[in-house]
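In what follows, a single structure is set out as C-alpha cells and then discussed.
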Amino acid sequence: MNSHDRGLGMDRAIGRRDFLNGVGVVLTGSMVAPPWLQAFAAEAQSVSPEQAPGYYPPALTGLRGSHPGSFEPGHVMRDARSWREAVTDIGESYDLVIVGGGISGLAAAYFFRAAAGPRARVLVLDNHDDFGGHAKRNEFRHDGRMLLLNGGTLNIEGPGQYSAQAMGLLRAIGIDIDRFEQQTAFDRATYARLGLRNGVWFNKERFGADKLVAGTPGGRGQAAGAASWPEFLARTPLADRAKEDIARLESQDQPDYLPGLSSDEKKQRLVHLSYQDFLTDVAKVHADAVWFYQTRSDGLFLMHIDALPAYYAWNMNYPGFQGMKLEPTPPDVLINEPGGQHGRENQARANAAGRAIHFPDGNATIARLLVRSLVPDALPGSTQEDVVTARADYSHLDRDGSPVRIRLNSVAVNVQHGGDPATARDVLVTYVKGGKTLRVRGAHCVLACWNSMIPYLCPELPERQREALAYGIKAPIVYTSVLIRNWTAFQKLGVANISAPGGYHSSVQLPEPVSIGGYQCSRTPEEPTVLHLVRTPCAPGRPRKEQHRLGRAELLATTFEQFEREIRSQLERTLADGGFDPARDIEAITVNRWPHGYTYNYNTLFDPVEWCLSSPDDRACIVGRRQFGRISIANADAAGSSHTDAAIDMAWRAVGEVIESRARSAASRLAQPVSR
C-alpha cells in the first residue's frame, strides 16, 4: 500500500468483497451474497448458468467488461492456432448461426428474420455472461432506488447521418428520437445551474503538487462568469513558461506557426505530424504545457496526443491553429475518412445532424430493445421508456423451440464449412460453454465478433483476407462506474467534470442527467449518483499498434484490487477538500475492462494516407469483410468505425449476402433435373 492509500478504508473495502467463480463482487452492507448470486455461483460450472434463479449480470459489480471466463478459451485458440479439444455435436441445426451478441450480431438476427420470415431459426452465440457486446449496462441499487450508467458505448450520435437501414432498425425496435427529445428530462445545464464547472486535477507525480483547479475556460455547460485562461492558469501548479504558452495557444490572437506555406501545404505537414510534435517543435511550448494537453484525445481517439495527427487535432478545434489561415475541409471528405469515428467524422456528423442522444445506460437500451424484439418473453414492456427500468429474464434467452436463441457464456473457437466451401451445405460452429466443447450447424454463419479473432476462429479463410482481418488492433479502454452516496463534494468544489492529464484515470465525471419513463436521475447533491471514470492505457512514444497491445496486456494483468486502490486513491486526492471520504462515500465499484475496445480507425501517422483521406477498396476493413462461402462478416471493425450505426450497417450488408446466397442455392436446386 503506497502513502496515498492511508485513510482510504482499503482493508475494510476489500474485506467486503467476495469472489465467486472469478467474478469480483463488491458487497455493500452485508457479508452474504444475495440469493441470486449464490445460485449463479452454484450453477457457474453447468452448461446453462443463465437458468439459475435470478441470474442478472447488469447488477454485478467488480471486474466486468471482458470479465473472467469470457476470453480464456479464445486465448487458448489464439495460442494453439486451432481448437483440438474433443467436440460433442449436440445435434442442433439452424438457418443462421451468429457469432457475437453485440449490437451488430443482434441486428443481424433481426434483419435475417425480417427477410427470411418468422419461422427462420437463428442461434446467437456470445462469450460474455450478458448480451450487448460493448453496449453493457451497469445497474446499481441504493436504498431501493435504481441508478444506471453505461459500461461501454454511449450515444446515438448524429442520427441525421444514419443510413435508412440503421435508422429503420431503431424505429422498428421502438426508438423514437423525436419523442425522446420532447418527453425525456435531459438537461445539460443541470450542473451549471448549481455553479458546477469543468476542472483539472494536477497530480504531484507529474506536476509537483496535488491540486484541483475548477473553472476551466470554455466548454459546454459552463457556469456564467467563468475565468479567463490567464486567471485559471494562475491557480495551477504549472511552470510560469507553461502558463504563458497555454494562454498563447488558447488565444484567438496568435501567430501563424507555418508561415510562407499555402493552406494545402500546411495540411500536408499536419497530416504527417503528431499533435504533440506540433506543440513541441512547431508551436514551441513548454513540456508542462504539452502534458496539460497530453490526454485530451484519450476519450475520443483512445491514445495520447503523441499518436494523434495534428491534422485531426485541427479538425477537432484543438488549440494552436487559430492563426494559420487553414481553409475548411469539405464535410464529405471528413465523413469519408475511415478514421473519423473519434474526431473528424465526429465533427462532420455533429455539423450535419446537430444532435446526439443517450439513454441512462447508454446504448445498452438498443441491445435490450433488440433482444425484446427477438425474444419477447425475455423483457417485459413495449416502449423505449419502459425498457429502461425493465428487468430482463435471462432464462428465456435460450429455450427449446424458440425461433431465436441467444446463448451466453459461449466462446466460439472454430468455424468451418462442412466440406468444400464452394459446395458445402452447412457451416460447423464449435464453442466452449461450461467447460464443454460443443458443436452446432448452420446453413449460414455471420461472424459479428472482433476482426482480430476471426483469422484464428476461421483458419480456412484465404490468407490475404486473414491478413486484412488481423491488420487492425482494437484500442483498450476502461470505463469505471463508482456508486457514491452523494455528490456534495463536487458541489463544494464547484466541479462536475474533472480532467486529470497525469492521473491513473484521465477523467472523473458526474453522469449527464437523463430521466426517462419511470427512471429518475440524481438531481440534487444530497442524492446518490454514479461517477464515470475513464482510463486509456497508453505507451507514449511507441507505434500505435504496439501501444494498443501493451495497453491490452496491462489491463489483463491488472487485478480488481489494483483498480480499486487507484480509484479510491485518485478520488480521495482529488475530492478531499470537498469532504469526500472514500471509505464512507463509495458504495460500489464496477470496472468495465475492455482490452479489445474501440475499433481500429485509420490514422495518417501509421496507416496509408489514402486510407484516411479517401475510401479505396483496398482498405483492410473492406478486404477483410468479404463473404467466404457460407460465412459472412458483420461488426463495427468491418466498417473501420466504432459508431453504432456502422455496426448496424455491417449487419445489414452481411445479412444481404446471406439472403443472396440462399436465393442462389434455391435457384440451383430448382434448376437441377428431377430424378426418375
Side-chain angles (χ1 to χ4, degrees), residues 58 98 101-118 120 122 124 130-137 139 146 148-186 353 355-394 396-397 402-406 448 514-521 643-652 655:
I98 299 170
I103 287 178
S104 194
L106 296 172
Y110 182 93
F111 285 136
F112 181 74
R113 292 194 72 229
V122 180
V124 179
D130 201 359
F131 54 78
H134 289 140
K136 286 293 189 289
R137 170 183 174 106
E139 181 175 325
M146 175 188 289
L148 298 173
L149 198 65
N150 62 300
T153 179
L154 176 65
N155 283 329
I156 298 174
E157 186 175 41
Q161 293 295 106
Y162 273 39
S163 68
Q165 293 77 24
M167 184 52 64
L169 174 71
L170 295 189
R171 292 194 184 104
I173 63 176
I175 291 179
D176 186 327
I177 291 174
D178 291 335
R179 190 170 83 237
F180 179 95
E181 293 182 325
Q182 293 165 6
Q183 300 180 6
T184 297
F186 182 17
R355 55 181 177 171
I357 70 167
H358 73 263
F359 293 88
D361 58 359
N363 285 348
T365 286
I366 297 178
R368 287 160 66 83
L369 287 169
L370 279 165
V371 168
R372 176 188 275 176
S373 70
L374 297 169
V375 188
D377 290 341
L379 269 161
S382 60
T383 68
Q384 67 182 10
E385 288 81 16
D386 62 32
V387 79
V388 173
T389 53
R391 183 181 176 92
D393 186 343
Y394 287 77
H396 287 283
L397 293 180
S402 175
V404 178
R405 302 177 70 170
I406 301 173
V514 182
S515 296
I516 180 171
Y519 179 80
Q520 296 296 312
C521 67
H643 279 297
T644 294
D645 60 319
I648 297 172
D649 286 338
M650 291 300 101
W652 168 266
V655 168

*Can you list the residues that meet the side-chain hydrogen bond (donor to acceptor under 3.5 Å, both in side chains) rule with Y394, with sequence neighbours excluded?*
D130
_Heavy-atom side-chain proximity of L170 to Y162 below 4.5 angstrom_ = yes
*State, with a plain yes or no, whether a side-chain heavy atom of Q161 is found less than 4.5 Å away from one of D645.*
no
_Using every non-hydrogen atom in the two residues, find where A647 and S104 come nearest and quote the distance to one decimal._
O-OG, 2.9 Å
*In Å, rounded to the nearest 0.5 Å, how long is the span from OG1 of T153 to CD1 of I366?*
7.5 Å
*Answer whether the closest heavy-atom distance between the side chains of I648 and F111 falls below 4.5 Å.*
yes
*Side chain of T389, backbone of Y519: donor and acceptor closer than 3.5 Å?*
no
*side-chain hydrogen bond (donor to acceptor under 3.5 Å, both in side chains) partners of Q183, counting only residues at least two apart*: none
*Does the side chain of P403 reach to within under 4.5 Å of the side chain of V122, using non-hydrogen atoms?*
no
*Where the side chain of E157 meets the backbone of H643, is there a donor-acceptor pair that is under 3.5 Å apart?*
no
*Taking atom OG1 of T644 and atom CG of L154, what is their separation to the nearest 0.5 Å?*
9.0 Å
*Taking atom OG1 of T365 and atom CG of N363, what is their separation to the nearest 0.5 Å?*
8.0 Å
*Student check: side-chain heavy atoms of F131 and V375 closer than 4.5 Å*: no
*Closest approach of P159 and I177, non-hydrogen atoms and distance?*
CB-CD1, 3.4 Å
*asked:* Measuring only between side-chain heavy atoms, which start at C-beta, is I357 closer than 4.5 Å to E181?
replied: yes
*What pair of heavy atoms forms the shortest contact from F359 to Q384, and how long is it?*
CZ-OE1, 3.9 Å
_Rounded distance [0.5 Å steps], CE in M146 versus CD in Q520_ = 12.5 Å
*With sequence neighbours left out, which residue pairs that include part of residues 358-374 fulfil the salt bridge (charged side-chain N to carboxylate O under 4.0 Å, His left out) condition?*
R137-D361, R372-D386
_Heavy-atom closest contact (C521 atom, S515 atom, distance)_ = N-OG, 3.0 Å
*asked:* Rounded at 0.5 Å granularity, tell me how far OH in Y110 sits from CH2 in W652.
replied: 10.5 Å
*Could you tell me whether the side chain of I156 reaches within less than 4.5 Å of the side chain of I175, counting heavy atoms only?*
yes
*V655 and A108: which non-hydrogen atoms are nearest, and at how many Å?*
CG2-O, 3.4 Å
*How far apart are the closest heavy atoms of G105 and I98, and which atoms are they?*
O-CD1, 3.6 Å
*Check: S163 side chain, A166 main-chain N or O, donor-acceptor pair, under 3.5 Å*: yes
*L106 and I103, any side-chain heavy atoms less than 4.5 Å apart*: no
*Nearest-0.5 Å distance, CG of residue L370 to CG of residue L374*: 6.5 Å
